[in-house]
Amino acid sequence: MKHALRRLRTVAVALSAGTLGLSLLSVPAAEAYSVQPLAPHSERAPESEQFSAEGVTTVGELRTINGSLSYAQDGGTQIIRHPGASYVKVHFSSLRLAHGDYVTVSSPDRRESYRYDRYLNRATGADYTTDGQPGFWAMSVEGDTAVVTLHSTRASRSSAATIDRFWRGYDRAEIAQHNFTTQSVCSTDARRDVVCYQTSHPNEYARGRAVARLLISGGGLCTTWRVGNTNRMLTNKHCFSTQSAVSGSEMQFNYQCATCGGSNPGAGTKVSGATLYKVSSGGSNQLDYTLYSVNNFANIQTYGTLYLATTATTTGTRMYVPGHGDGSPKRLSIYEDTQNGANCTVRNANYNTWNISYSCDTSGGNSGSPVLNASHRVIALHHLGGCPSNQGAKAHLIYNEIASLIDNG
């Protein structure tokens with residue numbers, strides 16, 4: 001959401017609070033990583049390399065390291081850990097693997113694991129992102145620790161991979177510290193975890209499955225969602241608008257809590273951006289959309305899809321908003337202020353040429369969220385905050401521009 005009044009320049013974290021390290025362990029010792037010293041230390045990348053897109057929620061920082069995997073007995077596993085980080089996303093500047101060898105980037109419990117071989121084939125290995133520089137980014141791993149392991153039976157002391165950078169995700173307090181926003185929670189924040197509505201609002205819950213958390217180039221956060229029956233996704237232009245940014249970003253489906261208020265989200269399903277198809281003209285206060293596709297589309301088809309309204313909505317129309325405000329697990333805005341009170345409604349269906357307005361609760365990170373009506377059609381693309389007139393770009397106008405590129409059902 002373009003809530004930012006201005007971008008707060010991120011300051012370097014003090015060494016005592018922000019130290020990250022690599023533990024160099026043999027493969028059999030990987031399970032004991034938690035008791036190993038964290039060395040050598042990483043360093044925060046220069047400010048110019050940090051994520052700083054205007055209006056996008058900053059959710060992580062880039063750090064540099066000097067790490068490698070080797071075929072030597074004691075060089076087969078490295079632990080990349082930043083205490084308290086919400087995710088770790090590892091960059092390999094090079095892979096030098098023999099045929100049949102591979103590396104994995106996993107969470108400590110192995111519930112999340114990504115496999116890469118010398119060919120980087122998404123059909124046989126894991127997904128990944130690129131940034132136009134040598135090497136590739138592994139998919140992010142939830143939590144503060146990534147276990148990087150070389151899998152090989154070779155007897156050699158040669159180097160197999162070089163790790164030079166990683167993104168580490170901010171915690172809740174850091175996200176608040178590093179993002180200035182306008183007030184877009186109108187009165188009481190009535191948003192709740194989507195699972196809270198699984199029984200009482202099954203249709204709203206089901207439609208929300210098509211909505212994903214968008215991790216932009218490792219350090220930014222918006223919301224995105226499937227549109228139509230083919231491999232197409234929508235988000236805001238101000239979230240990203242270039243092919244390189246699409247290729248460098250992750251779409252995380254099913255990132256939501258398992259129990260109402262439980263703060264226990266799973267990693268869900270992550271795919272990378274593939275092809276940029278169309279970007280709106282004009283500024284971020286106009287239609288503000290980006291249409292693109294993803295890799296490994298089959299992996300996300302089970303989450304369903306959404307369809308654009310093809311005619312204008314009206315003032316007073318009941319509405320709801322699923323999304324990832326502040327980078328949080330997916331929440332639903334259904335009520336204005338209190339549960340089972342007044343439903344969210346369109347305050348002004350013709351706020352201006354491009355936008356409708358509403359006071360349904362949103363926050364930074366909700367940029368790109370779909371605004372749906374009671375028939376579960378998308379009537380707007382959320383992108384501007386500022387109570388009482390949070391705003392979404394009119395969906396029927398977006399449809400008119402992208403109709404030939406989507407199958408709208």
Side-chain angles (χ1 to χ4, degrees), residues 1-3 53 55-57 184 204 207-208 210-214 216 220-228 232-241 246 249 251 273 276-293 305-314 317 319-325 330-333 344 346-373 375-386 389-403 405-406 408-409:
M1 180 189 312
K2 189 155 184 171
H3 290 269
V56 177
T57 299
S184 299
E204 288 83 351
R207 295 311 192 280
V211 176
R213 187 176 186 255
L214 174 57
I216 306 163
L221 193 284
C222 280
T223 297
T224 188
W225 46 281
R226 273 196 65 197
V227 57
R232 296 291 187 272
M233 302 282 296
L234 271 173
T235 191
N236 288 148
K237 174 184 177 180
H238 80 252
C239 293
F240 60 33
S241 59
V246 171
S249 299
M251 299 77 215
L276 176 68
Y277 284 100
K278 190 174 178 65
V279 176
S280 60
S281 60
S284 58
N285 63 334
Q286 298 182 23
L287 292 185
D288 194 17
Y289 69 80
T290 293
L291 180 72
Y292 66 101
S293 65
T305 192
L306 299 173
Y307 302 101
L308 295 170
T310 57
T311 58
T313 191
T314 57
T317 295
M319 53 161 282
Y320 64 98
V321 183
H324 291 280
K330 194 184 304 170
R331 290 176 289 177
L332 268 171
S333 291
C344 290
V346 176
R347 289 177 60 90
N348 188 340
N350 195 31
Y351 184 78
N352 58 33
T353 301
W354 302 280
N355 295 291
I356 69 171
S357 69
Y358 38 85
S359 56
C360 208
D361 296 321
T362 60
S363 58
N366 267 118
S367 278
S369 294
V371 179
L372 296 99
N373 62 18
S375 298
H376 313 295
R377 283 268 176 170
V378 178
I379 58 174
L381 180 65
H382 178 71
H383 66 140
L384 293 171
S389 298
N390 295 334
Q391 297 170 50
K394 297 173 181 178
H396 72 287
L397 298 182
I398 295 174
Y399 172 77
N400 290 342
E401 295 194 2
I402 66 173
L405 298 171
I406 64 174
N408 200 47

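When reading the values below, keep in mind they use all heavy atoms of this one structure, side chains included, and skip hydrogens, waters and symmetry mates. The structure presented is a predicted model; accordingly, all values stated were derived computationally and were not measured.
- To the nearest 0.5 angstrom, Ile216 atom CD1 is 4.0 Å from Cys222 atom SG.
- Expressed to the nearest 0.5 Å, how far NE2 of His383 lies from SG of Cys239 amounts to 11.0 Å.
- Proximity of a side-chain donor or acceptor of Tyr358 to a complementary backbone N or O of Gly392 within less than 3.5 Å is detected.
- A donor atom on one side chain and an acceptor atom on the other are not found under 3.5 Å apart for Asn366 and His382.
- Of the listed residues (Met251, Met233, Arg232), just one forms a side chain to side chain contact (heavy atoms under 4.5 Å, CB included) with Arg226, and that residue is Met233.
- Shortest non-hydrogen contact noted between Thr314 and Ala349 is C-CB, 3.5 Å.
- Remark: side-chain polar atoms of Asn408 are not paired, donor with acceptor, to backbone N or O of Tyr307 under 3.5 angstrom.
- Considering every non-hydrogen atom in both Val246 and Ser293, the closest pair reads CG1-O, 4.5 Å.
- For the side-chain hydrogen bond (donor to acceptor under 3.5 Å, both in side chains) test with Lys394, the passing option among Asn355, Thr313, Asn350, Thr353 is Asn350; the others fail.
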>> Test side chain to side chain contact (heavy atoms under 4.5 Å, CB included) on Leu308 and Ile406; report intermediate values, then the result.
In response: CA-CA 10 Å; Leu308 295 170; Ile406 64 174; 4.0 Å; yes

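- Closest non-hydrogen pair, Pro322 versus Thr223, comes out as O-CG2, 4.5 Å.
- Ile379 and Ala309 get closest at one heavy-atom pair: CG2-CB, 4.2 Å.
- With rounding to the nearest 0.5 angstrom, the CG atom of Leu381 is 10.5 Å from the OH atom of Tyr289.
- A distance of 5.0 Å separates CZ of Phe240 from OG of Ser249, quoted to the nearest 0.5 Å.
- For the residue pair Asn373 and Tyr320, the shortest heavy atom distance occurs at O-CE2, 3.5 Å.
- Note that OG1 of Thr290 is 8.5 Å distant from CG of Leu234, once rounded to the nearest 0.5 Å.
- Using modelled atom types, one side-chain atom of Lys237 and one backbone atom of Gly282 make a donor-acceptor pair closer than 3.5 Å.
- Under a 3.5 Å cut-off, the side chain of Trp225 and the backbone N or O of Gly323 do not form any donor-acceptor pair.
- No donor-acceptor pair under 3.5 Å is formed between the side chain of Ser357 and the backbone N or O of Arg347.
- Here Leu291 contributes atom CG and Ile402 contributes atom CD1; the two are 5.0 Å apart, rounded to the nearest 0.5 Å.
- Judged purely by atom type and a 3.5 angstrom limit, Ser184 has no side-chain atom pairing as donor or acceptor with the backbone of Thr362.
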>> Please determine whether side chain to side chain contact (heavy atoms under 4.5 Å, CB included) holds for the pair Asn390 and Cys360, giving the CA-CA distance in whole Å, both sets of side-chain angles, and the decisive distance to 0.1 Å.
In response: CA-CA 7 Å; Asn390 295 334; Cys360 208; 5.9 Å; no

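- Residues Leu372 and Val378 are in side-chain contact: their nearest non-hydrogen atoms beyond the backbone lie under 4.5 Å apart.
- Side-chain contact check for Val211 versus Pro370: some heavy-atom pair is nearer than 4.5 Å.
- Annotation for Ser369 and Val321: closest pair CB-CG1, 3.8 Å, computed over non-hydrogen atoms.
- The main-chain N or O of His238 is never found under 3.5 Å from a side-chain atom of Asn236 such that the two would form a donor-acceptor pair.
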